[in-house]
Amino acid sequence: MDAIFSKIEEIAVKIDNLIKTGESGYSDSSNATGDVQLKLDIQSDIIIENEFKNVKSIKSVISEEKEGELELNPNGEFTVCYDPLDGSSIVDFNLSVGSIFGIYKGELCGENLLASAYVVYGPRLEIVKTIKGSNPVLYRYNGSEFAMQKEVKLEQKGKINAPGATQKNWYPRHKALIESIFQEGYRLRYSGGMVPDLHQILLKGGGLFSYPGTVDKPKGKLRALFEVIPFALAFKEAGGEAIDDKGVSLLKFKPNHPHDTTPCFFGSKYEIEKVKEAYSGK
Ligand code: AHM
Ligand code: MG
């Protein structure tokens, strides 16, 4: 696991440099789910694959940018699922974006996620690493290495609300939930990048991020293996929770296909209780 985490640090520095100096704009190709890829998406994906090839413990990888599983080392133990550059719609406008990694052993499902990490490419370059059973830890790049900053811990309740998806397509119960949270005095914080939006909630000690199922996309938009489950571990180990629209922990999610999406809610305990009440129809 240490070898994977230190490789993620090297990857982070390379992708950070790519974002700062690489070409903007779209390529001529689409990924497995039909999104047109940015040049940066493709190059970030290549960086990660080339770096992970040299880590013997990685048996295989699955990238958001590719269709299936790719075997790297037949004797390896782990499968790493990653979104090389999350936030394609905002990176060319110079907002913060990120990379997300889930480290699985065995069948690819929430229960087999052993660790996760995400990188925030913002004014600062930061990584949050989470190992199952212990608090997430924040690291910040100081120009030569990632220096440990602190353990990440959530309070019972936060002050910010990050409601994703197109409001016109929200179901009435979701609309009512979001409205009631704003009525309690929560402030809107939504950049369109799940990495900085979730990072802000984790570091500020609480709040709610939601990406619900909608009339046009009943299973939401965010992908389970690369995006949702890795963050679910960070929220759980920070003392919060991450659930789907049935109130079930996202760490129990079993995708049928690597690119499956799921409605998702991440928050501190108080906000997640509110989601459960709103969605159970009580
Ligand atoms: P991407 O993987 O194509 O970048 O899309 C994922 C992003 C998330 O970072 C973000 O939370 C979400 O899409 C925003 O979607 P919306 O604009 O529908 O709220
Ligand atoms: Mg993404």
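Start at 1 and go down the list; that is how both ligands and their atoms are numbered.
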Answer side chain, backbone, both or neither: which part of F209 comes under 4.0 Å from ligand 1, heavy atoms only.
side chain

Judging by distance only, is a nitrogen or oxygen of M194 under 3.5 angstrom from one on ligand 1?
yes

Need the ligand 1 atom indices (1-based, order shown) with element for anything under 4.0 Å from a heavy-atom of D83.
2 (O)

Atoms of ligand 1 close to S88 [distance to a heavy atom under 4.0 angstrom, numbered from 1]:
4 (O)

Out of I178, I201, L188, which one pairs with N161 under the side-chain contact (heavy atoms from CB on, under 4.5 Å) rule?
I178

Examine F209 together with F231 and report whether their ring centres are nearer than 6.0 Å.
no

Are any of the N/O atoms on S89, whether in the backbone or the side chain, positioned under 3.5 angstrom from an N/O atom of ligand 1?
no

Find all atoms of ligand 1 within a distance of less than 4.0 Å from any non-hydrogen atom belonging to G193, and give their numbers and elements.
9 (O)

R223 heavy atoms within 4.0 Å reach ligand 1 at atoms 2 (O)

Could you work out, for atom 6 (C) of ligand 1, the closest of V91, D86, N169, T166 by heavy-atom distance?
D86

Do Y121 and S99 have a side chain donor and acceptor closer than 3.5 Å?
yes

Counting from 1 in the order shown, the ligand 1 atoms closer than 4.0 Å to a non-hydrogen atom of Y190 are 11 (O), 14 (C), 15 (O), 16 (P), 19 (O)

Close N or O approach (A165, ligand 1; < 3.5 Å):
yes

Donor-acceptor pair, Y141 side chain versus G143 backbone, under 3.5 Å?
yes

Counting only N and O atoms by type, is there a donor-acceptor contact under 3.5 Å from the side chain of D41 to the main-chain atoms of Q37?
no

Between E237 and T130, does any side-chain donor sit less than 3.5 Å from a side-chain acceptor?
no

Quick check on D2: does its CG atom have over 12 non-hydrogen neighbours (other residues, nucleotides or ligands) under 6.0 Å away?
no

Atom indices of ligand 1 within 4.0 angstrom of E227 heavy atoms, with elements:
2 (O)

